[in-house]
Amino acid sequence: MQYDHILIRYGEMALKGKNRKSFIMQLEHNLQQQLKDYPKTKVKRTQGRMFVLLNGHDPEDVMEKCKNVFGIQSMSLAIKVRNDEDEIHDAALWALKNAIDVKTFKVTVKRVDKKFPIRSQDMNQTLGKYLLLNTNGFTVDVHKPDLELKVEIRTEATYITTSVVPGLGGLPVGTSGKTLLMLSGGIDSPVAGFLAMKRGVEIEAVHFHSPPFTSDRAKQKVLDLAEKLTSYGNKVNVHVVPFTKLQQHIFREMPENYAMTIMRRIMMRICERVCRKESILSITTGESLGQVASQTMESMNTINEVTNFPILRPLVAMDKDDIVRVSKKIDTYDISIRPYEDCCTIFVPKSPKTRPGREKVNQFESQTDFTELIEEAVKGIEVVTLSGKIDAEKEFDDLL
Ligand code: ATP
Ligand code: MG
């Protein structure tokens, strides 16, 4: 005998009234995508939940993949048998004997199919007895059992499930539109991307690259980060913007202590151009209030002036420790700490203005013309598509 199904529960989605159907379809699609390396698996929808039919694939391997799919509340391995008392007994016995680290158990029978001749209460008792008689060393504990054996007798079949494994939670990627993630090589922005995806948002990324000041390895680092993010959703397009000329121009023509703010404003203008071209409705950054000089309220206010696209900042309320913790969980941390330079660390001014007012910045910007350089940068964008070949085989039990 072996587990032949994974039961998928999707809590939050059940609440989402009229969007429910599209959410369920998207989750089904995302699961199928995630399981494409397991071609015999099938995803099946039934009332209020989903099943993955394993058709011979290893249950633990497939479960590991499902742990990367947003929108899943929890999962359980399941055995499907006919609505037959003996078959149910055998399967439950097998499940109990194969459970790890279990001394106490409890049986919970739920009879959905009222045509099944034995009532839930009676079945609880007879099955419990049967299990005790045919095993050694187990006791029943109805209050705090190590294992709850759930037996659900439905019309089409009976499902026997054991432990409940937490899923990633959130909403299926693809149900909340698309965002343009500003992806640097740092720790924060990949985490911001992951959290946007958690709310069902699909991502496309933009990276500002300044060769030869930033190397190919620095660019590769960003592509590797984007590749990691694909394991939680679909493919990710990375728009690599050649930024050298603009950056040199800014740092040559603008007062040094305002250069950082002006550089960010130019980045935003270019992001908006990419958004318009790709029909993307928002921009996401890894900013967290107060972290560095460029992340003060004044600075955000001044940077925001150049676009009226919504800017998502999923990390705004998080402490650095929490951000690092998530980046380790999602396996981006080790990539992020590779020691390659990024465009913002090269041209760091000695004392950037922590309160760059809009008026001042506009006045400085009006002394020079960035239009042509922006056009050139936009024309020079290289789009790299990452399709997701790497797994992030991680545990998410206590994530967030
Ligand atoms: P991170 O760890 O994500 O690099 P950070 O704490 O270093 O963030 P900043 O360098 O101030 O913060 O950057 C703030 C945000 O601006 C980043 O999180 C990222 O979203 C965006 N950003 C910075 N540099 C780049 C870049 N070269 N290309 C694309 N986006 C960038
Ligand atoms: Mg950075």
Side-chain angles (χ1 to χ4, degrees), residues 170 173 178-199 201-210 214 218-219 221-233 236-241 243 260-261 263-268 270-272 274-275 280 282-297 299-304 306-307 309-348 352 386 392 399-400:
V173 173
K178 211 187 233 187
T179 196
L180 184 66
L181 171 68
M182 294 182 67
L183 191 58
S184 66
I187 292 170
D188 301 330
S189 41
V191 174
F194 175 79
L195 291 177
M197 292 169 92
K198 186 170 189 217
R199 295 319 299 166
V201 180
E202 212 175 316
I203 59 170
E204 204 142 309
V206 63
H207 177 66
F208 294 87
H209 185 44
S210 301
T214 54
K219 176 175 152 193
K221 178 180 174 182
V222 170
L223 299 180
D224 290 348
L225 287 169
E227 179 89 47
K228 276 284 173 201
L229 291 176
T230 64
S231 34
Y232 306 99
V236 173
N237 289 329
V238 183
H239 300 256
V240 182
V241 184
F243 204 48
M260 185 65 101
T261 308
M263 182 183 84
R264 289 255 185 261
R265 281 163 60 106
I266 306 264
M267 283 183 175
M268 280 298 165
I270 294 174
C271 284
E272 196 181 304
V274 175
C275 284
I280 298 171
S282 72
I283 297 165
T284 297
T285 77
E287 290 163 300
S288 169
L289 251 174
Q291 210 184 69
V292 289
S294 62
Q295 297 176 17
T296 62
M297 198 66 89
S299 174
M300 275 189 197
N301 181 285
T302 301
I303 293 166
N304 253 84
V306 301
T307 177
F309 274 51
I311 300 180
L312 310 184
R313 297 183 175 91
L315 310 187
V316 77
M318 285 172 81
D319 291 342
K320 191 74 185 187
D321 287 354
D322 296 333
I323 298 170
V324 166
R325 200 168 57 89
V326 178
S327 80
K328 285 181 178 166
K329 289 273 185 191
I330 65 173
D331 228 12
T332 53
Y333 182 77
D334 287 341
I335 303 172
S336 291
I337 59 171
R338 284 186 210 157
Y340 307 126
E341 65 298 317
D342 100 60
C343 74
C344 302
T345 45
I346 290 171
F347 293 96
V348 178
L386 298 163
L399 186 64
L400 293 180

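Only a predicted model underlies this, so the values are computations on that prediction, with no experimental measurement involved. Numbering of residues begins at 1 and proceeds along the displayed sequence.
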*Which heavy-atom pair separates Leu315 from Gly286 by the least distance, and what is that distance?*
CD1-O, 3.6 Å

*Kindly determine whether Val326 and Met318 satisfy side-chain contact (heavy atoms from CB on, under 4.5 Å), including the steps that lead there.*
CA-CA 11 Å; Val326 178; Met318 285 172 81; 4.1 Å; yes

*asked:* Using side-chain heavy atoms (C-beta onward) and a distance below 4.5 Å, is Met300 in contact with Glu287?
replied: yes

*Non-hydrogen atoms of Ala196 and Pro314 that approach each other most closely*: N-CG, 4.4 Å

*All side-chain contact (heavy atoms from CB on, under 4.5 Å) counterparts of Glu202, not counting sequence neighbours*: Val173, Lys178, Asn234

*Could you tell me the separation between the OG1 atom of Thr307 and the CD1 atom of Ile270, rounded to the nearest 0.5 Å?*
12.5 Å

*Taking all non-hydrogen atoms of both residues into account, name the closest pair between Lys221 and Ile335 and its distance.*
CE-O, 3.3 Å

_Please find the pair of heavy atoms, one from His239 and one from Leu180, that lie closest to each other, and give the distance._
CD2-CD1, 4.4 Å

_side chain to side chain donor-acceptor pair (under 3.5 Å) partners for Ser327, two or more places apart_ = none

*Partners of Thr302 by side chain to side chain donor-acceptor pair (under 3.5 Å), sequence neighbours excluded?*
none

*Check the pair Cys275 / Phe309 against side-chain contact (heavy atoms from CB on, under 4.5 Å), numbers first and verdict last.*
CA-CA 9 Å; Cys275 284; Phe309 274 51; 3.5 Å; yes

*For the atom pair OG1 (Thr261) and CD1 (Ile266), what is the distance rounded to the nearest 0.5 Å?*
11.5 Å

*Heavy atoms, side chains only, cut-off 4.5 Å: are Leu183 and Val206 in contact?*
no

*Decide yes or no on side-chain contact (heavy atoms from CB on, under 4.5 Å) for Ser282 and Thr179, but give the supporting numbers first.*
CA-CA 5 Å; Ser282 72; Thr179 196; 2.7 Å; yes

*Report yes if some heavy atom in the side chain of Phe194 is under 4.5 Å from a heavy atom in the side chain of Thr332; otherwise report no.*
no

*Going by heavy atoms in the side chains, are Ile311 and Thr284 under 4.5 Å from each other?*
no

*What distance separates Arg264 CZ from Thr285 OG1, expressed to the nearest 0.5 Å?*
8.5 Å

_Nearest heavy atoms of Ile187 and Lys320, plus distance in Å_ = CB-NZ, 4.4 Å

*Are Glu204 and Leu181 side-chain neighbours, meaning at least one heavy-atom pair lies under 4.5 Å?*
no

_Any non-hydrogen side-chain atom of Phe243 less than 4.5 Å from a side-chain atom of His209?_
no

*asked:* Checking Tyr232 against Ile330 for the side-chain contact (heavy atoms from CB on, under 4.5 Å) test, could you report, in this order, the C-alpha distance in whole Å, the side-chain angles of both residues, the deciding distance, and whether it holds?
replied: CA-CA 9 Å; Tyr232 306 99; Ile330 65 173; 3.6 Å; yes

*If you measure from OG on Ser231 to CG on Leu386, what distance do you get to the nearest 0.5 Å?*
11.0 Å

*Could I get the full list of side-chain contact (heavy atoms from CB on, under 4.5 Å) partners for Val306, not counting sequence neighbours?*
Arg265, Met268, Arg269

*By side chain to side chain donor-acceptor pair (under 3.5 Å) - contacts of Asp334 (at least two apart)*: none

*Taking the side chain as C-beta and beyond, is there a heavy-atom pair between Met182 and Ile283 under 4.5 Å?*
yes

*Do Asp224 and Arg338 come within less than 4.5 Å of each other through their side chains, counting heavy atoms only?*
yes

*When rounded to the nearest 0.5 angstrom, what is the spacing between CG in Leu225 and OG in Ser184?*
8.0 Å

*By side chain to side chain donor-acceptor pair (under 3.5 Å), which residues pair with Ser336, not counting sequence neighbours?*
none

